[in-house]
Amino acid sequence: MNNGNHHESLVWCVMSISEDDIASNALSLLGASSTWVLVRHQWLIDNMRSILTGEPPPPLEHLYEFDVIIPKDLKLPDNLILSFLEVKHTLETLWHNTVKATHPLSGKTLLEQLDQYQLRAHHFMQSTKEANQHLWHEFTMRDSLTGAWSRLTLQANLTQELKRHKRYLTPCSIVLLDQNNFKSINDCWGHVTGDQVLAKTANIIENNLRINDQLFRYGGDEWLVLMPATTAGIAEAAMRRISQFVESHAFQSPSGEVFHAGFSYGIAESANFPSVDDWISAADRELYSKKQRLTA
């Protein structure tokens, strides 16, 4: 995959951009991806005409490349960059294979050329549609600042796990987390530093969860972790370890002052809860109890 030097400017930099800027930059990247696909769809249509008329194929060198249509110095969280680069590689590979397979001067009969062309063109159009849909899903269903899943996907995931528990009696735990003293961090060092704490906290949590666990941004400084096939005891051991990693991380204020930021958490194992809201409320009650002990 050729990422190009231009993409070195697409860096995770929560200290210099706000959540609104991240959302705007993400839309710019989605627009660039759509433009790249559209101009190639048009090329495929023009190439069909060249096959039918026997004319040379339309030039390829004038088609927009990603490095041209992506705004320079575009900063995004690393999770969004990785999602984009993965889709970019898929699109470029599809395009290379399509162009290589549809040259009109291949020595095949016109009917053979058309049949081959239509198959390749259809595959390209369908595959690029799916790749762009995947990119849109990643960009819209994940929190732009932290890369955690947004609340848009939370209800469906918890409902599915609650149904699975009721049917198969499979244990599943959720963990509700709340940043400790987050208001004080914002008040002392500003919201940009607060954003840095949120993004790094999410990064540490994500890197220490299992492959089937999911992290959701539940609120401003609240998180919810979904842990399928997990008892409350196993969840407790995992979160105790993760909380130690977060608390040991050294953050730095704009003035150079080093500080630490931890979180409190409450766990609720799946049971005969009437609804997802009741399940979350059980975790919230335990979280509230721990926060009370922390401030006592």
Tell me yes or no: between the side chains of Arg285 and Ser289, is some donor less than 3.5 Å from an acceptor? no
Is it true that, when you exclude Arg167 itself, more than 12 heavy atoms of the residues, nucleotides or ligands shown sit nearer than 6.0 Å to its CZ? no
In terms of ring plane angle, is the pair Trp36 and Phe66 parallel, tilted or perpendicular, where the classes change at 30° and 60°? parallel
For Asp115, what residues pass the side-chain hydrogen bond (donor to acceptor under 3.5 Å, both in side chains) criterion, not counting sequence neighbours? none
Nearest non-hydrogen partners of Leu177 and Tyr265, listed with the distance: CG-CB, 4.0 Å
Do Leu215 and Leu226 belong together in a cluster built from hydrophobic side chains that touch within less than 4.5 Å? no
Is it the case that the side chain of Ser150 and the backbone of Met141 share a donor-acceptor pair, with hydrogens and angles ignored and the cut-off at 3.5 Å? yes
For side-chain hydrogen bond (donor to acceptor under 3.5 Å, both in side chains), just list the numbers for Asn180 and Ser264, CA-CA rounded to whole Å, side-chain angles, deciding distance to a tenth of an Å, and then say yes or no. CA-CA 6 Å; Asn180 293 334; Ser264 298; 2.8 Å; yes
Are the side chains of Val197 and Asp221 in touch, meaning some heavy atoms are under 4.5 Å apart? no
Is there a side-chain contact (heavy atoms from CB on, under 4.5 Å) between Glu92 and His96 once you walk through the steps? CA-CA 6 Å; Glu92 290 176 336; His96 174 74; over 6 Å; no
Ser248 side-chain N/O to Phe245 backbone N/O, donor-acceptor pair under 3.5 Å: yes
According to a hydrophobic-cluster definition based on side-chain heavy atoms being under 4.5 Å apart (Ile, Leu, Val, Met, Phe, Trp, Tyr only), do Trp149 and Met227 belong together? no
Using atom types as modelled and distance alone, determine if a side-chain donor or acceptor of Asn208 lies under 3.5 Å from a backbone N or O of Ile204. yes
Please determine whether residues Val39 and Met125 belong to a single hydrophobic cluster, defined as Ile, Leu, Val, Met, Phe, Trp and Tyr linked transitively by side-chain heavy-atom distances below 4.5 Å. yes
How far does NZ of Lys163 sit from SG of Cys172, to the nearest 0.5 angstrom? 14.5 Å
Nearest 0.5 Å, what's the CG-CZ distance between Asn47 and Arg120? 14.0 Å
Could you go through Asp278 and Ser281, starting from their C-alpha distance and side-chain angles, then the distance that decides it, and tell me whether this counts as side-chain hydrogen bond (donor to acceptor under 3.5 Å, both in side chains)? CA-CA 5 Å; Asp278 292 301; Ser281 293; 5.3 Å; no
Restricting to non-hydrogen atoms, name the atom on Gly220 and the atom on Leu198 that form the minimum distance, rounded to 0.1 Å. O-CD1, 3.5 Å
Does Ser243 use its side chain to pair, donor to acceptor, with the backbone of Arg241 at less than 3.5 Å? no
Closest non-hydrogen atoms of Thr153 and Asn157, given as atom of the first, atom of the second and distance, are O-ND2, 2.6 Å
What's the spacing between Gln196 CD and Leu145 CG if we round to 0.5 Å? 10.5 Å
Rounded to the nearest 0.5 Å, what separates atom CH2 in Trp223 from atom CD in Glu206? 9.0 Å
Any side-chain heavy atom of Asn25 sitting closer than 4.5 Å to one from Leu29? no
From Asn132 CG over to His134 NE2, what is the distance, rounded to the nearest 0.5 angstrom? 10.5 Å
For Ser28 and Ser24, indicate whether the former's side chain and the latter's backbone hold a donor-acceptor pair under 3.5 Å. yes
Check the pair Arg40 / Glu65 against salt bridge (Lys or Arg N to Asp or Glu O under 4.0 Å), numbers first and verdict last. CA-CA 10 Å; Arg40 281 156 179 77; Glu65 296 295 343; 3.4 Å; yes
Looking at Asn203 and Ala199, would you say the former's side chain and the latter's main chain have a donor-acceptor pair under 3.5 Å? no
Determine, using the 4.5 Å side-chain heavy-atom cutoff (strictly less than), whether Tyr288 and Ile267 are members of one ILVMFWY cluster. no
Around atom CG of Asn272, are there more than 12 heavy atoms from other residues, nucleotides or ligands closer than 6.0 Å? no
Any side-chain to backbone donor/acceptor pair from His249 onto His260? Under 3.5 Å, distance only. no
With heavy-atom distances below 4.5 Å as the criterion, would you say the side chains of Tyr218 and Arg151 are in contact? yes
Could you give all pairs that pass the ring pair (Phe, Tyr, Trp, His ring centres under 6.0 Å) test and reach residues 159-208, with sequence neighbours left out? Trp189-Phe259
Quick check: are there more than 12 heavy atoms from other residues, nucleotides or ligands sitting under 6.0 Å from NE2 of His122? no
Do Leu162 and Val225 belong together in a cluster built from hydrophobic side chains that touch within less than 4.5 Å? no
So does Lys290 have more than 12 non-hydrogen atoms from other groups sitting under 6.0 Å from NZ? yes
Would a distance-only check, ignoring hydrogens and angles, find a side-chain to backbone donor-acceptor pair under 3.5 Å from Asn181 to Ser184? no
Under a 4.5 Å cut-off applied to non-hydrogen side-chain atoms, are Leu60 and Trp95 in contact? yes
Hey, what do you get for CZ (Arg240) to CD1 (Ile242), rounding to the nearest 0.5 Å? 12.0 Å
Measure the acute angle between the ring planes of Phe273 and Trp279, then classify it against the limits of 30° and 60° as parallel, tilted or perpendicular. parallel
Which atom of Leu91 lies closest to which atom of Ala131, heavy atoms considered: CD2-CB, 3.9 Å
Any side-chain heavy-atom pair of His123 and Leu94 under 4.5 Å: yes
Hey, are the side chains of Met48 and Gln118 touching, using non-hydrogen atoms and a 4.5 Å cut-off? yes
How close do Lys166 and Pro274 get, heavy atom to heavy atom, and via which atoms? NZ-O, 4.1 Å
Between Ser83 and Glu138, which heavy-atom pair has the shortest distance, and what is it? OG-OE1, 3.3 Å
Could you list the residues that satisfy side-chain contact (heavy atoms from CB on, under 4.5 Å) with Thr231, not counting sequence neighbours? Pro171, Ile234, Glu269
